[in-house]
There are 2 protein chains.
Amino acid sequence: MDMMRKDIHNSEVPVVCRSCEARHGGVCGVLTPQQLVELSKHSTRKVVHAGNEVVGQGERVASYSNILKGVIKLSKMMADGRQQIVGLQFAPDFIGRPFHHESTLTAEAATDTEVCVFPKPIIERLVSESSNLEHQLHNQALKELDEARDWMLTLGRKTAQEKVASFLYLIATHLDPEKGESMTYELPLSRADIADFLGLTIETVSRQMTKLRKDGVIQIENNRLVTVPDMDRLSRAAGND
Amino acid sequence: MDMMRKDIHNSEVPVVCRSCEARHGGVCGVLTPQQLVELSKHSTRKVVHAGNEVVGQGERVASYSNILKGVIKLSKMMADGRQQIVGLQFAPDFIGRPFHHESTLTAEAATDTEVCVFPKPIIERLVSESSNLEHQLHNQALKELDEARDWMLTLGRKTAQEKVASFLYLIATHLDPEKGESMTYELPLSRADIADFLGLTIETVSRQMTKLRKDGVIQIENNRLVTVPDMDRLSRAAGND
DNA sequence: GATGCAATTTGATTGAAGTCAAAGAGCATG
DNA sequence: CATGCTCTTTGACTTCAATCAAATTGCATC
(Lines give C-alpha, C1' and ligand atoms only; values in the text may rest on other atoms or scores of the structure.)
Protein backbone atom coordinates (compact mmCIF):
# COMPACT_ATOMS: atom_id res chain seq x y z
CA MET A 1 0.00 0.00 0.00
CA ASP A 2 2.77 2.39 1.03
CA MET A 3 4.73 1.50 -2.04
CA MET A 4 1.78 2.07 -4.34
CA ARG A 5 1.30 5.48 -2.78
CA LYS A 6 4.84 6.45 -3.59
CA ASP A 7 4.62 5.11 -7.10
CA ILE A 8 1.57 7.12 -7.95
CA HIS A 9 2.39 10.42 -6.32
CA ASN A 10 6.15 10.26 -6.03
CA SER A 11 6.30 13.16 -3.59
CA GLU A 12 6.17 14.10 0.08
CA VAL A 13 2.66 15.59 0.14
CA PRO A 14 0.17 13.46 2.08
CA VAL A 15 -2.49 11.57 0.17
CA VAL A 16 -4.40 10.54 3.28
CA CYS A 17 -4.88 12.23 6.61
CA ARG A 18 -2.38 11.42 9.33
CA SER A 19 -4.93 9.49 11.37
CA CYS A 20 -6.15 7.35 8.52
CA GLU A 21 -2.54 6.48 7.70
CA ALA A 22 -2.26 4.39 4.59
CA ARG A 23 -5.96 3.99 3.97
CA HIS A 24 -7.47 5.49 0.86
CA GLY A 25 -11.17 5.79 0.12
CA GLY A 26 -13.72 7.52 2.30
CA VAL A 27 -13.44 11.26 2.59
CA CYS A 28 -9.68 11.43 2.19
CA GLY A 29 -9.74 10.02 -1.30
CA VAL A 30 -11.14 13.17 -2.89
CA LEU A 31 -9.28 15.92 -1.03
CA THR A 32 -6.39 18.01 -2.28
CA PRO A 33 -3.00 17.71 -0.57
CA GLN A 34 -3.51 21.08 1.13
CA GLN A 35 -6.91 19.99 2.45
CA LEU A 36 -5.37 16.79 3.76
CA VAL A 37 -2.70 18.74 5.65
CA GLU A 38 -5.48 20.82 7.20
CA LEU A 39 -7.61 17.76 8.01
CA SER A 40 -4.67 15.96 9.59
CA LYS A 41 -4.31 18.72 12.17
CA HIS A 42 -7.73 17.97 13.58
CA SER A 43 -8.45 14.31 12.95
CA THR A 44 -7.91 11.57 15.50
CA ARG A 45 -7.89 7.83 15.17
CA LYS A 46 -10.17 6.10 17.62
CA VAL A 47 -10.99 2.52 18.59
CA VAL A 48 -14.63 1.78 19.40
CA HIS A 49 -15.33 -1.58 20.99
CA ALA A 50 -18.29 -3.74 20.03
CA GLY A 51 -21.52 -2.54 21.60
CA ASN A 52 -20.44 1.08 22.10
CA GLU A 53 -22.35 3.96 20.55
CA VAL A 54 -20.77 6.25 17.99
CA VAL A 55 -23.84 8.55 17.82
CA GLY A 56 -27.10 8.21 19.76
CA GLN A 57 -30.61 8.64 18.30
CA GLY A 58 -31.73 12.26 18.73
CA GLU A 59 -28.31 13.39 19.95
CA ARG A 60 -26.53 16.43 18.62
CA VAL A 61 -23.72 15.37 16.34
CA ALA A 62 -20.43 17.11 17.01
CA SER A 63 -18.16 15.05 14.81
CA TYR A 64 -17.91 12.95 11.68
CA SER A 65 -15.93 9.84 11.03
CA ASN A 66 -14.55 7.52 8.43
CA ILE A 67 -14.73 3.85 9.24
CA LEU A 68 -11.27 2.31 8.94
CA LYS A 69 -12.00 -1.19 10.19
CA GLY A 70 -14.97 -3.16 11.52
CA VAL A 71 -18.73 -2.90 11.10
CA ILE A 72 -21.07 -0.19 12.39
CA LYS A 73 -24.80 -0.87 12.74
CA LEU A 74 -27.35 1.93 12.27
CA SER A 75 -30.57 1.35 14.17
CA LYS A 76 -33.87 2.88 15.14
CA MET A 77 -35.81 2.14 18.28
CA MET A 78 -39.49 2.54 19.16
CA ALA A 79 -40.63 3.90 22.51
CA ASP A 80 -41.47 0.40 23.76
CA GLY A 81 -38.04 -1.00 22.92
CA ARG A 82 -38.71 -2.66 19.58
CA GLN A 83 -35.63 -2.15 17.47
CA GLN A 84 -34.76 -2.29 13.80
CA ILE A 85 -31.29 -2.16 12.29
CA VAL A 86 -31.66 0.02 9.19
CA GLY A 87 -28.17 -0.26 7.79
CA LEU A 88 -24.68 -1.67 8.18
CA GLN A 89 -21.61 0.36 7.34
CA PHE A 90 -18.23 -1.04 6.43
CA ALA A 91 -14.86 0.60 5.80
CA PRO A 92 -14.36 3.07 4.15
CA ASP A 93 -17.87 4.46 4.67
CA PHE A 94 -18.45 7.88 6.18
CA ILE A 95 -20.61 8.39 9.28
CA GLY A 96 -22.44 11.69 9.77
CA ARG A 97 -24.05 14.37 7.64
CA PRO A 98 -22.58 17.79 7.12
CA PHE A 99 -25.04 20.57 8.06
CA HIS A 100 -27.48 18.16 9.70
CA HIS A 101 -27.07 18.55 13.39
CA GLU A 102 -29.37 15.92 14.81
CA SER A 103 -29.07 12.23 14.16
CA THR A 104 -32.29 10.32 13.48
CA LEU A 105 -30.66 7.04 14.34
CA THR A 106 -28.16 5.33 16.58
CA ALA A 107 -24.77 4.28 15.23
CA GLU A 108 -23.18 1.53 17.28
CA ALA A 109 -20.12 -0.62 16.74
CA ALA A 110 -21.19 -4.16 15.86
CA THR A 111 -17.62 -5.46 16.04
CA ASP A 112 -14.53 -3.81 17.46
CA THR A 113 -14.06 -0.86 15.17
CA GLU A 114 -11.50 1.76 14.22
CA VAL A 115 -12.65 5.16 13.04
CA CYS A 116 -10.98 8.40 11.99
CA VAL A 117 -12.86 11.28 13.67
CA PHE A 118 -13.00 14.91 12.47
CA PRO A 119 -14.66 17.87 14.19
CA LYS A 120 -17.83 19.12 12.53
CA PRO A 121 -16.64 22.58 11.42
CA ILE A 122 -13.61 21.19 9.57
CA ILE A 123 -15.55 18.77 7.43
CA GLU A 124 -18.27 21.33 6.74
CA ARG A 125 -15.69 23.80 5.50
CA LEU A 126 -14.10 21.16 3.27
CA VAL A 127 -17.52 20.29 1.81
CA SER A 128 -18.18 23.95 1.00
CA GLU A 129 -14.78 24.30 -0.65
CA SER A 130 -14.75 21.08 -2.58
CA SER A 131 -17.60 20.05 -4.87
CA ASN A 132 -15.67 16.80 -5.24
CA LEU A 133 -16.34 16.00 -1.61
CA GLU A 134 -20.06 16.71 -1.87
CA HIS A 135 -20.15 14.50 -4.94
CA GLN A 136 -18.48 11.73 -2.93
CA LEU A 137 -20.99 12.07 -0.09
CA HIS A 138 -23.88 12.23 -2.55
CA ASN A 139 -22.73 8.96 -4.10
CA GLN A 140 -22.50 7.29 -0.72
CA ALA A 141 -26.02 8.50 0.10
CA LEU A 142 -27.31 7.00 -3.17
CA LYS A 143 -25.55 3.71 -2.42
CA GLU A 144 -27.10 3.64 1.06
CA LEU A 145 -30.50 4.45 -0.45
CA ASP A 146 -30.22 1.52 -2.88
CA GLU A 147 -29.22 -0.79 -0.04
CA ALA A 148 -32.08 0.45 2.14
CA ARG A 149 -34.60 -0.16 -0.65
CA ASP A 150 -33.23 -3.62 -1.39
CA TRP A 151 -33.61 -4.39 2.29
CA MET A 152 -37.20 -3.09 2.29
CA LEU A 153 -38.05 -5.83 -0.20
CA THR A 154 -36.41 -8.36 2.12
CA LEU A 155 -38.27 -7.05 5.19
CA GLY A 156 -41.64 -6.74 3.51
CA ARG A 157 -41.87 -9.73 1.23
CA LYS A 158 -39.41 -12.50 2.09
CA THR A 159 -39.93 -15.52 4.34
CA ALA A 160 -37.82 -16.07 7.46
CA GLN A 161 -35.71 -18.58 5.53
CA GLU A 162 -35.07 -16.15 2.68
CA LYS A 163 -34.35 -13.33 5.11
CA VAL A 164 -31.62 -15.27 6.90
CA ALA A 165 -30.12 -16.40 3.60
CA SER A 166 -30.28 -12.80 2.33
CA PHE A 167 -28.39 -11.64 5.39
CA LEU A 168 -25.67 -14.27 5.01
CA TYR A 169 -25.37 -13.35 1.34
CA LEU A 170 -25.23 -9.62 2.07
CA ILE A 171 -22.42 -10.04 4.59
CA ALA A 172 -20.51 -12.37 2.29
CA THR A 173 -20.61 -9.91 -0.61
CA HIS A 174 -19.61 -6.97 1.58
CA LEU A 175 -16.70 -8.76 3.24
CA ASP A 176 -15.38 -10.10 -0.05
CA PRO A 177 -16.57 -8.30 -3.18
CA GLU A 178 -14.68 -10.61 -5.57
CA LYS A 179 -17.10 -13.43 -5.57
CA GLY A 180 -15.62 -16.86 -5.80
CA GLU A 181 -17.85 -19.89 -5.75
CA SER A 182 -17.28 -20.51 -2.03
CA MET A 183 -16.15 -18.50 0.97
CA THR A 184 -15.65 -18.55 4.74
CA TYR A 185 -16.11 -15.59 7.04
CA GLU A 186 -16.70 -14.42 10.59
CA LEU A 187 -20.23 -13.07 11.18
CA PRO A 188 -19.95 -9.47 12.42
CA LEU A 189 -23.34 -9.65 14.20
CA SER A 190 -24.79 -11.65 17.09
CA ARG A 191 -28.04 -13.60 16.63
CA ALA A 192 -29.85 -10.78 18.43
CA ASP A 193 -28.49 -8.19 15.97
CA ILE A 194 -29.31 -10.41 13.01
CA ALA A 195 -32.88 -10.69 14.34
CA ASP A 196 -33.09 -6.89 14.64
CA PHE A 197 -31.78 -6.50 11.10
CA LEU A 198 -34.26 -9.02 9.68
CA GLY A 199 -37.36 -8.10 11.69
CA LEU A 200 -37.41 -11.56 13.28
CA THR A 201 -36.88 -13.04 16.75
CA ILE A 202 -33.63 -14.61 17.91
CA GLU A 203 -35.27 -18.04 18.01
CA THR A 204 -36.48 -17.84 14.41
CA VAL A 205 -33.03 -16.75 13.21
CA SER A 206 -31.48 -19.68 15.06
CA ARG A 207 -33.97 -22.17 13.64
CA GLN A 208 -33.44 -20.94 10.09
CA MET A 209 -29.66 -21.05 10.47
CA THR A 210 -30.00 -24.64 11.66
CA LYS A 211 -32.20 -25.44 8.69
CA LEU A 212 -29.75 -23.88 6.20
CA ARG A 213 -26.97 -25.88 7.88
CA LYS A 214 -28.92 -29.14 7.72
CA ASP A 215 -29.76 -28.47 4.06
CA GLY A 216 -26.03 -28.04 3.34
CA VAL A 217 -26.33 -24.41 2.19
CA ILE A 218 -23.88 -23.30 4.92
CA GLN A 219 -21.58 -24.75 7.57
CA ILE A 220 -21.18 -23.13 11.00
CA GLU A 221 -18.33 -23.39 13.52
CA ASN A 222 -18.29 -21.71 16.94
CA ASN A 223 -21.52 -19.83 16.19
CA ARG A 224 -19.78 -17.07 14.25
CA LEU A 225 -17.65 -18.74 11.60
CA VAL A 226 -19.70 -19.42 8.48
CA THR A 227 -18.66 -21.32 5.36
CA VAL A 228 -20.67 -20.98 2.17
CA PRO A 229 -19.70 -23.81 -0.18
CA ASP A 230 -21.79 -22.46 -3.06
CA MET A 231 -22.59 -18.76 -3.21
CA ASP A 232 -25.10 -19.24 -6.03
CA ARG A 233 -27.02 -21.73 -3.97
CA LEU A 234 -27.12 -19.26 -1.05
CA SER A 235 -28.28 -16.56 -3.44
CA ARG A 236 -31.11 -18.80 -4.60
CA ALA A 237 -32.06 -19.55 -0.99
CA ALA A 238 -32.22 -15.76 -0.52
CA GLY A 239 -34.82 -15.50 -3.27
CA ASN A 240 -32.55 -13.51 -5.63
CA ASP A 241 -33.52 -15.14 -8.85
CA MET B 1 -48.33 32.66 -7.60
CA ASP B 2 -47.67 34.67 -10.72
CA MET B 3 -48.06 37.85 -8.73
CA MET B 4 -45.62 36.67 -6.11
CA ARG B 5 -43.14 35.84 -8.81
CA LYS B 6 -43.32 39.35 -10.18
CA ASP B 7 -43.04 40.94 -6.74
CA ILE B 8 -39.88 39.05 -5.92
CA HIS B 9 -38.05 39.23 -9.20
CA ASN B 10 -39.63 42.18 -10.89
CA SER B 11 -38.22 41.29 -14.29
CA GLU B 12 -38.83 39.31 -17.45
CA VAL B 13 -36.27 36.50 -16.88
CA PRO B 14 -37.88 33.13 -16.21
CA VAL B 15 -37.72 31.66 -12.72
CA VAL B 16 -39.09 28.26 -13.74
CA CYS B 17 -38.84 26.30 -16.95
CA ARG B 18 -41.55 26.84 -19.54
CA SER B 19 -43.03 23.41 -19.02
CA CYS B 20 -43.23 23.65 -15.26
CA GLU B 21 -44.97 26.99 -15.61
CA ALA B 22 -45.56 28.66 -12.30
CA ARG B 23 -44.28 25.83 -10.13
CA HIS B 24 -41.21 26.44 -8.01
CA GLY B 25 -39.26 23.77 -6.18
CA GLY B 26 -37.76 20.67 -7.71
CA VAL B 27 -34.85 21.19 -10.03
CA CYS B 28 -35.95 24.57 -11.36
CA GLY B 29 -35.70 26.23 -7.98
CA VAL B 30 -31.90 26.27 -7.93
CA LEU B 31 -31.05 27.12 -11.53
CA THR B 32 -29.88 30.46 -12.89
CA PRO B 33 -32.12 32.33 -15.36
CA GLN B 34 -29.77 31.38 -18.22
CA GLN B 35 -29.94 27.72 -17.25
CA LEU B 36 -33.73 27.93 -17.13
CA VAL B 37 -33.87 29.35 -20.64
CA GLU B 38 -31.69 26.46 -21.79
CA LEU B 39 -33.77 23.88 -19.90
CA SER B 40 -37.02 25.29 -21.29
CA LYS B 41 -35.90 24.53 -24.83
CA HIS B 42 -35.79 20.82 -24.11
CA SER B 43 -38.34 20.13 -21.38
CA THR B 44 -41.86 18.91 -22.02
CA ARG B 45 -44.85 18.66 -19.77
CA LYS B 46 -46.43 15.23 -19.75
CA VAL B 47 -49.50 13.60 -18.23
CA VAL B 48 -49.07 10.04 -16.95
CA HIS B 49 -52.25 8.22 -16.05
CA ALA B 50 -52.59 6.00 -12.98
CA GLY B 51 -50.99 2.59 -13.52
CA ASN B 52 -48.58 3.65 -16.26
CA GLU B 53 -44.85 3.20 -15.89
CA VAL B 54 -42.48 6.16 -15.85
CA VAL B 55 -39.35 3.96 -15.71
CA GLY B 56 -39.20 0.16 -15.66
CA GLN B 57 -36.93 -1.93 -13.39
CA GLY B 58 -33.67 -2.68 -15.21
CA GLU B 59 -34.49 -0.35 -18.11
CA ARG B 60 -32.07 2.20 -19.48
CA VAL B 61 -33.08 5.64 -18.35
CA ALA B 62 -33.13 8.24 -21.10
CA SER B 63 -34.81 11.09 -19.25
CA TYR B 64 -35.39 12.73 -15.92
CA SER B 65 -38.47 14.39 -14.55
CA ASN B 66 -39.89 16.67 -11.95
CA ILE B 67 -43.22 15.66 -10.50
CA LEU B 68 -45.68 18.54 -10.84
CA LYS B 69 -48.82 16.86 -9.59
CA GLY B 70 -49.88 13.43 -8.34
CA VAL B 71 -48.09 10.54 -6.65
CA ILE B 72 -45.47 8.20 -8.13
CA LYS B 73 -44.78 4.83 -6.52
CA LEU B 74 -41.31 3.26 -6.64
CA SER B 75 -41.35 -0.51 -6.45
CA LYS B 76 -39.24 -3.62 -6.66
CA MET B 77 -40.40 -7.00 -7.79
CA MET B 78 -39.04 -10.51 -7.18
CA ALA B 79 -38.85 -13.11 -9.94
CA ASP B 80 -41.94 -14.89 -8.62
CA GLY B 81 -44.05 -11.72 -8.65
CA ARG B 82 -43.85 -10.67 -5.01
CA GLN B 83 -43.72 -6.91 -4.98
CA GLN B 84 -42.66 -4.22 -2.52
CA ILE B 85 -43.27 -0.51 -2.88
CA VAL B 86 -40.06 1.09 -1.61
CA GLY B 87 -41.02 4.74 -1.83
CA LEU B 88 -43.66 7.28 -2.76
CA GLN B 89 -42.80 10.53 -4.48
CA PHE B 90 -44.86 13.68 -4.39
CA ALA B 91 -44.48 17.04 -6.16
CA PRO B 92 -41.96 18.62 -6.45
CA ASP B 93 -39.70 15.56 -6.18
CA PHE B 94 -37.22 14.67 -8.90
CA ILE B 95 -37.23 11.26 -10.61
CA GLY B 96 -34.00 9.84 -11.99
CA ARG B 97 -30.30 9.94 -11.22
CA PRO B 98 -27.77 11.85 -13.27
CA PHE B 99 -24.91 9.60 -14.45
CA HIS B 100 -26.66 6.41 -13.40
CA HIS B 101 -27.99 4.80 -16.51
CA GLU B 102 -29.89 1.84 -15.23
CA SER B 103 -32.80 2.02 -12.88
CA THR B 104 -32.92 -0.53 -10.06
CA LEU B 105 -36.62 -0.04 -9.59
CA THR B 106 -39.88 0.65 -11.34
CA ALA B 107 -41.49 4.10 -11.15
CA GLU B 108 -45.21 4.01 -11.84
CA ALA B 109 -47.94 6.61 -11.51
CA ALA B 110 -50.14 5.78 -8.51
CA THR B 111 -52.63 8.51 -9.38
CA ASP B 112 -52.98 10.53 -12.57
CA THR B 113 -49.78 12.50 -12.63
CA GLU B 114 -48.17 15.45 -14.36
CA VAL B 115 -44.43 15.52 -14.85
CA CYS B 116 -41.93 17.83 -16.48
CA VAL B 117 -39.49 15.71 -18.51
CA PHE B 118 -35.91 16.66 -19.52
CA PRO B 119 -33.53 14.68 -21.72
CA LYS B 120 -30.63 13.06 -19.89
CA PRO B 121 -27.73 15.06 -21.41
CA ILE B 122 -29.30 18.40 -20.50
CA ILE B 123 -29.72 17.66 -16.83
CA GLU B 124 -26.29 16.06 -16.62
CA ARG B 125 -24.69 19.18 -18.06
CA LEU B 126 -26.60 21.38 -15.62
CA VAL B 127 -25.46 19.21 -12.70
CA SER B 128 -21.83 19.52 -13.80
CA GLU B 129 -22.16 23.29 -14.12
CA SER B 130 -24.07 24.00 -10.98
CA SER B 131 -22.94 22.75 -7.57
CA ASN B 132 -26.24 24.17 -6.34
CA LEU B 133 -28.10 21.57 -8.33
CA GLU B 134 -26.00 18.69 -7.04
CA HIS B 135 -26.60 20.00 -3.53
CA GLN B 136 -30.34 19.98 -4.20
CA LEU B 137 -30.26 16.40 -5.49
CA HIS B 138 -28.05 15.33 -2.58
CA ASN B 139 -30.59 16.74 -0.15
CA GLN B 140 -33.43 14.92 -1.85
CA ALA B 141 -31.42 11.69 -1.69
CA LEU B 142 -30.88 12.20 2.05
CA LYS B 143 -34.58 12.87 2.56
CA GLU B 144 -35.47 9.69 0.64
CA LEU B 145 -32.91 7.77 2.69
CA ASP B 146 -34.48 8.97 5.94
CA GLU B 147 -37.92 8.01 4.69
CA ALA B 148 -36.70 4.60 3.55
CA ARG B 149 -35.14 3.92 6.96
CA ASP B 150 -38.25 5.06 8.83
CA TRP B 151 -40.22 2.68 6.68
CA MET B 152 -37.80 -0.18 7.41
CA LEU B 153 -38.77 0.15 11.08
CA THR B 154 -42.42 -0.02 10.05
CA LEU B 155 -41.87 -3.08 7.83
CA GLY B 156 -39.68 -4.96 10.26
CA ARG B 157 -41.16 -4.26 13.65
CA LYS B 158 -44.74 -2.99 13.52
CA THR B 159 -47.98 -4.99 13.70
CA ALA B 160 -50.48 -4.96 10.82
CA GLN B 161 -52.60 -2.45 12.75
CA GLU B 162 -49.66 -0.11 13.30
CA LYS B 163 -48.55 -0.50 9.69
CA VAL B 164 -51.91 0.61 8.30
CA ALA B 165 -52.09 3.52 10.75
CA SER B 166 -48.50 4.48 9.82
CA PHE B 167 -49.49 4.54 6.17
CA LEU B 168 -52.55 6.72 6.76
CA TYR B 169 -50.41 9.04 8.87
CA LEU B 170 -47.65 9.19 6.26
CA ILE B 171 -50.06 10.15 3.49
CA ALA B 172 -51.80 12.71 5.67
CA THR B 173 -48.54 14.46 6.54
CA HIS B 174 -47.34 14.46 2.93
CA LEU B 175 -50.58 15.81 1.49
CA ASP B 176 -50.89 18.53 4.10
CA PRO B 177 -47.67 19.39 5.92
CA GLU B 178 -49.32 22.00 8.18
CA LYS B 179 -50.75 19.65 10.68
CA GLY B 180 -54.07 20.64 12.12
CA GLU B 181 -55.81 18.39 14.59
CA SER B 182 -58.04 16.82 11.95
CA MET B 183 -57.99 16.37 8.18
CA THR B 184 -59.75 14.76 5.21
CA TYR B 185 -58.04 13.47 2.10
CA GLU B 186 -58.27 11.20 -0.90
CA LEU B 187 -56.07 8.09 -0.65
CA PRO B 188 -53.66 8.05 -3.61
CA LEU B 189 -53.26 4.25 -3.46
CA SER B 190 -55.55 1.25 -3.93
CA ARG B 191 -55.76 -1.43 -1.23
CA ALA B 192 -53.47 -3.59 -3.37
CA ASP B 193 -50.84 -0.84 -3.48
CA ILE B 194 -51.18 -0.19 0.23
CA ALA B 195 -50.62 -3.91 0.83
CA ASP B 196 -47.50 -3.81 -1.34
CA PHE B 197 -46.22 -0.79 0.53
CA LEU B 198 -46.82 -2.38 3.95
CA GLY B 199 -45.70 -5.93 3.22
CA LEU B 200 -49.22 -7.24 3.91
CA THR B 201 -52.06 -8.83 1.92
CA ILE B 202 -55.06 -6.91 0.60
CA GLU B 203 -57.33 -8.72 3.05
CA THR B 204 -55.26 -7.78 6.08
CA VAL B 205 -55.15 -4.13 4.99
CA SER B 206 -58.92 -4.16 4.59
CA ARG B 207 -59.50 -5.76 7.99
CA GLN B 208 -57.24 -3.26 9.73
CA MET B 209 -58.90 -0.31 7.98
CA THR B 210 -62.24 -1.64 9.17
CA LYS B 211 -60.90 -1.97 12.69
CA LEU B 212 -59.53 1.59 12.71
CA ARG B 213 -62.92 2.80 11.42
CA LYS B 214 -64.86 0.88 14.09
CA ASP B 215 -62.49 2.22 16.76
CA GLY B 216 -63.21 5.77 15.56
CA VAL B 217 -59.62 6.54 14.57
CA ILE B 218 -60.69 7.23 10.97
CA GLN B 219 -63.86 7.58 8.87
CA ILE B 220 -64.03 6.24 5.30
CA GLU B 221 -66.33 7.23 2.43
CA ASN B 222 -66.33 5.60 -1.02
CA ASN B 223 -63.20 3.52 -0.18
CA ARG B 224 -60.82 6.36 -0.94
CA LEU B 225 -61.93 9.38 1.06
CA VAL B 226 -60.47 9.26 4.56
CA THR B 227 -61.18 11.58 7.47
CA VAL B 228 -58.87 11.66 10.46
CA PRO B 229 -60.64 13.41 13.32
CA ASP B 230 -57.58 13.37 15.58
CA MET B 231 -54.13 13.18 14.04
CA ASP B 232 -52.45 12.56 17.40
CA ARG B 233 -54.65 9.56 17.97
CA LEU B 234 -53.73 8.20 14.54
CA SER B 235 -50.07 8.82 15.32
CA ARG B 236 -50.40 6.83 18.53
CA ALA B 237 -52.12 3.99 16.63
CA ALA B 238 -49.11 4.04 14.31
CA GLY B 239 -46.79 3.40 17.24
CA ASN B 240 -45.13 6.86 17.03
CA ASP B 241 -45.09 7.65 20.72
C1' DG C 1 -82.17 2.25 -13.06
C1' DA C 2 -80.27 -2.45 -14.86
C1' DT C 3 -75.83 -4.78 -16.20
C1' DG C 4 -71.20 -6.17 -15.80
C1' DC C 5 -66.79 -5.85 -13.92
C1' DA C 6 -63.25 -4.69 -10.70
C1' DA C 7 -62.24 -3.38 -6.04
C1' DT C 8 -63.14 -4.18 -1.46
C1' DT C 9 -64.94 -6.50 2.51
C1' DT C 10 -66.06 -10.41 5.32
C1' DG C 11 -65.78 -15.28 6.90
C1' DA C 12 -63.55 -19.83 7.84
C1' DT C 13 -59.39 -22.10 8.13
C1' DT C 14 -54.39 -22.78 7.84
C1' DG C 15 -49.71 -21.95 8.63
C1' DA C 16 -45.46 -19.39 9.62
C1' DA C 17 -43.35 -17.01 13.00
C1' DG C 18 -43.74 -15.50 17.88
C1' DT C 19 -43.74 -16.61 22.83
C1' DC C 20 -42.49 -19.02 26.82
C1' DA C 21 -39.48 -22.28 28.87
C1' DA C 22 -35.56 -25.13 29.34
C1' DA C 23 -31.32 -27.20 27.90
C1' DG C 24 -26.80 -26.86 25.82
C1' DA C 25 -22.42 -24.29 24.13
C1' DG C 26 -18.97 -21.02 24.32
C1' DC C 27 -15.94 -18.39 26.91
C1' DA C 28 -14.05 -15.77 30.39
C1' DT C 29 -12.52 -15.97 35.42
C1' DG C 30 -10.51 -17.60 39.54
C1' DC D 1 -10.88 -27.67 35.35
C1' DA D 2 -14.74 -26.07 37.94
C1' DT D 3 -17.69 -21.74 38.14
C1' DG D 4 -20.64 -18.46 36.41
C1' DC D 5 -22.07 -15.92 32.84
C1' DT D 6 -23.99 -14.92 28.30
C1' DC D 7 -25.26 -16.53 23.86
C1' DT D 8 -27.48 -19.91 21.20
C1' DT D 9 -30.31 -23.83 20.30
C1' DT D 10 -34.27 -26.73 20.83
C1' DG D 11 -39.05 -27.91 22.22
C1' DA D 12 -44.05 -27.11 23.13
C1' DC D 13 -47.59 -24.19 22.39
C1' DT D 14 -49.98 -19.83 20.80
C1' DT D 15 -51.10 -16.15 17.85
C1' DC D 16 -51.22 -13.03 14.11
C1' DA D 17 -51.49 -12.63 9.48
C1' DA D 18 -51.97 -15.45 5.11
C1' DT D 19 -54.83 -18.22 2.33
C1' DC D 20 -58.93 -19.74 0.22
C1' DA D 21 -63.61 -18.73 -0.69
C1' DA D 22 -67.63 -16.15 -1.01
C1' DA D 23 -70.37 -11.78 -0.52
C1' DT D 24 -70.79 -6.92 -1.13
C1' DT D 25 -69.82 -2.37 -2.81
C1' DG D 26 -68.53 1.04 -6.15
C1' DC D 27 -68.60 2.59 -10.60
C1' DA D 28 -68.82 2.96 -15.57
C1' DT D 29 -71.84 1.88 -19.46
C1' DC D 30 -75.89 0.91 -21.80
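Since we're looking at a predicted model, the values are computed, not measured. To find a chain, count down the sequence lines: A is the first, B the second, and so on, and within it residues start at 1. The figures that follow rest on heavy atoms only: side chains count, while hydrogens, waters and symmetry mates do not.
- Side-chain atoms of A/Thr210 lie closest to D/dT9 of the nucleotides D/dT9, D/dT19, C/dG18.
- Of the listed nucleotides (D/dT19, C/dA17, D/dT8), D/dT19 has the atom at the smallest distance from the side chain of B/Thr201.
- Regarding A/Ile202, its CD1 atom lies at a distance of 10 Å from the P atom of D/dT9, rounded to whole Å.
- Residue B/Asn222 places its side chain closer to D/dG26 than to any other of C/dT10, D/dG26, D/dT9.
- Taking only distance into account, the side chain of A/Arg207 meets the base of C/dT19 through a donor-acceptor pair shorter than 3.5 Å.
- Distance A/Lys211 NZ to C/dA17 C1': 14 Å, rounded to the nearest Å.
- Close to D/dT9, at under 4.0 Å from its OP1 or OP2, lies a side-chain N or O of A/Ser206.
- Between B/Asp196 and A/Arg157, at least one side-chain N (NZ, or NE/NH1/NH2) sits under 4.0 Å from a carboxylate O, which counts as a salt bridge.
- With respect to A/Arg236 and A/Asp232, no salt bridge is recorded, no charged nitrogen being found less than 4.0 Å from a carboxylate O.
- Note that CD1 of B/Ile218 is 11.0 Å distant from CG of B/Leu225, once rounded to the nearest 0.5 Å.
- Between A/Lys158 and A/Ser166, the side chains place a donor N or O and an acceptor N or O closer than 3.5 Å (distance only, hydrogens not considered).
- A donor-acceptor contact under 3.5 Å is not formed by the side chain of B/Arg224 with the base of D/dG26.
- The CE atom of B/Met209 sits 21 Å away from the P atom of D/dT24 (whole-angstrom rounding).
- The nearest whole Å value for the distance from the CD atom in A/Glu203 to the P atom in C/dA17 is 14 Å.
- Looking at the side chain of B/Thr204, the nearest of the listed nucleotides D/dT8, C/dA17, D/dA18 is D/dA18.
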